[in-house]
*Asks:* 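Below you will find the structure I want to go over with you.
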Amino acid sequence: MSPSCDPSWPADAEVLHDLQRRLGALQPPPWHPGTSAPELAAAAVVHDPDRGERAWAGAVLTRGPHVLAAEVVVGAVRAPYVPTQLSAREGPLLVAALEALGGRPDVLLLAAAGRDHPRHAGLALHVGAVLGVPSAGVTDRPLRAAGPPPGPGRGDASALVLDGAEVARWVRTAPGVRPVVAHAAWRTTGGVAAALVLAATTSVRTPWPLREARRLARQARADG
DNA sequence: GCGACAG
DNA sequence: ATCTTGTCGC
């Protein structure tokens with residue numbers, strides 16, 4: 001487990017808004033996975049309702065079904081939870097945990113929105129941009145985008161549109177369970193995000209790398 | 001037992 | 001997001 005984190009990050013709302021506008025306006029060339037399984041890094045943050053500021057970020061580097069590396073970082077969360085400004089709260093910790101991994105993943109997967117955001121730049125997009133690695137996000141529901149529900153079978157998907165553009169896709173990861181939202185973020189499209197989510201999922205609803213990252217973080221929280 | 005789902 | 005209680009189901 002690595003020390004703690006203290007990367008510079010937009011703590012001020014004005015600065016964050018400006019950054020979101022700039023990032024959201026960027027149209028970097030899209031990345032596409034190759035024929036072999038990409039090195040995928042996933043990270044997730046868990047909090048502690050009692051010890052308010054303390055938070056743990058778990059991260060795993062994976063390739064196919066294998067875990068290549070795992071890290072947990074502990075830190076203080078300064079910013080309060082404000083819908084739309086999740087990156088100010090969890091960004092620093094996620095970046096620290098992903099950097100602790102030490103590898104050079106092909107793509108990032110985070111429990112957050114990407115281009116489905118008021119300024120088209122949610123947390124998943126921020127983290128990808130800051131680290132310079134293509135990224136995608138996964139959440140239970142869209143932030144602003146809207147679209148029809150997907151079909152009932154695993155793999156069925158439908159477009160989630162915001163301001164006339166597809167920014168995410170509803171994806172049914174297992175038959176009969178509520179679909180998840182696969183978010184296009186830094187240099188990825190809804191289609192790529194959906195494919196990544198499906199590739200990282202089997203019978204359980206949420207991608208296993210994300211569950212593993214969260215499990216590690218919770219473990220560290222329990223250990224003190 | 002673990003995960004989905006309610007709330 | 002977190003916690004807790006409980007049900008259903010593989």
Side-chain angles (χ1 to χ4, degrees), chain A residues 4-5 9-11 13 16 20 42-60 62 65 67 72-98 108-114 116-118 121-127 135-145 149-157 168-183 185 194 197-224:
Chain A
S4 54
C5 74
W9 199 270
L16 176 59
Q20 289 171 328
V45 176
V46 299
H47 299 85
D48 185 336
D50 302 321
R51 284 176 293 178
E53 297 205 327
R54 287 286 280 288
W56 292 257
V60 291
T62 71
V67 174
V72 174
V73 139
V74 193
V77 173
R78 289 128 203 287
Y81 170 68
V82 179
T84 264
Q85 295 181 44
L86 230 205
S87 80
R89 181 173 168 78
E90 303 192 341
L93 235 32
L94 289 169
V95 167
L98 289 166
L108 268 28
L109 188 60
L110 303 158
D116 174 15
H117 179 278
L123 173 59
L125 187 146
H126 272 205
V127 174
S135 64
V138 184
T139 65
D140 282 341
R141 57 178 189 186
L143 187 53
R144 288 295 154 81
R154 153 160 239 258
D156 287 343
R169 282 187 191 181
W170 272 123
V171 177
R172 188 83 63 181
T173 56
V177 304
R178 225 181 122 23
V180 296
V181 179
H183 296 263
V197 168
L198 278 171
T201 252
T202 48
S203 58
V204 178
R205 195 173 88 111
T206 62
W208 71 266
L210 235 27
R211 284 183 23 232
E212 181 62 8
R214 193 171 283 121
R215 189 186 67 74
L216 289 168
R218 282 204 245 260
Q219 181 68 259
R221 178 180 61 183
D223 295 340

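First the proteins, then the strands, lettered A, B, ... as listed; each starts at 1.
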*Asks:* Which nucleotide in the set B/dG3, C/dT2, B/dA4 lies at the smallest distance from any side-chain heavy atom of A/Arg211?
*Replies:*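 Looking only at side-chain atoms, A/Arg211 lies closest to B/dG3.
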*Asks:* Nearest-Å distance, CG (A/Leu93) to P (C/dA1)?
*Replies:*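 These atoms are roughly 16 Å apart.
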*Asks:* Does the side chain of A/Thr202 come within less than 4.5 Å of A/Trp208's, by heavy atoms?
*Replies:*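 A/Trp208 vs A/Thr202: side chains apart.
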*Asks:* From the list C/dT2, B/dC5, B/dG3, which nucleotide is the closest neighbour of the side chain of A/Val46?
*Replies:*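 Among the listed nucleotides, the one closest to the side chain of A/Val46 is C/dT2.
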*Asks:* Rounding to an integer number of Å, can you tell me how far A/Leu94 CG sits from C/dA1 C1'?
*Replies:*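 Rounded to the whole Å, the gap is 13 Å.
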*Asks:* What residue among A/Val138, A/Val197, A/Asp156 forms side-chain contact (heavy atoms from CB on, under 4.5 Å) with A/Thr173?
*Replies:*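 So the option named by the test is A/Val197.
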*Asks:* How long is the line joining CG of A/Leu210 and C1' of B/dA4, in whole Å?
*Replies:*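 Interatomic distance, CG of A/Leu210 to C1' of B/dA4: 17 Å.
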*Asks:* From the options B/dG3, C/dT2, B/dC5, select the nucleotide whose nearest atom is closest to the side chain of A/Arg205.
*Replies:*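 Output: B/dC5.
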*Asks:* Could you check how far CG of A/Asp48 sits from P of C/dC3, rounded to whole Å?
*Replies:*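 Value for this atom pair: 8 Å.
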*Asks:* Check the distance between C/dT2's P and A/Arg54's CZ and give it to me in whole angstrom.
*Replies:*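 Those two atoms, CZ and P, are 16 Å apart.
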*Asks:* What is the distance from OH of A/Tyr81 to P of C/dT2, rounded to the nearest Å?
*Replies:*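 Going from A/Tyr81 (OH) to C/dT2 (P), I get 12 Å.
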*Asks:* Can you tell me how far C1' of C/dT2 sits from CG of A/Asp140, to the nearest Å?
*Replies:*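 From A/Asp140 CG to C/dT2 C1': 14 Å.
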*Asks:* Nearest whole angstrom, please: distance from the P of C/dT2 to the CD of A/Glu90.
*Replies:*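 The answer, rounded to whole Å, is 9 Å.
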*Asks:* For A/Asp116, is there an ion pair with A/Arg141 - N to carboxylate O distance below 4.0 angstrom?
*Replies:*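 So A/Arg141 does not pair with A/Asp116 through a salt bridge.
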*Asks:* Could you pull out the closest heavy-atom pair between A/Ala79 and A/Arg89, with the gap in Å?
*Replies:*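 So the two residues come closest at O-NH1, 2.9 Å.
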*Asks:* Assign A/Arg221 to base, sugar-phosphate, or nothing according to its heavy-atom contacts below 4.0 angstrom with the strands shown.
*Replies:*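 Sugar-phosphate, backbone atoms only, no base.
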*Asks:* Give the nucleotide from the list B/dG3, C/dT2, B/dC5 with an atom nearest to the side chain of A/His47.
*Replies:*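 Output: C/dT2.
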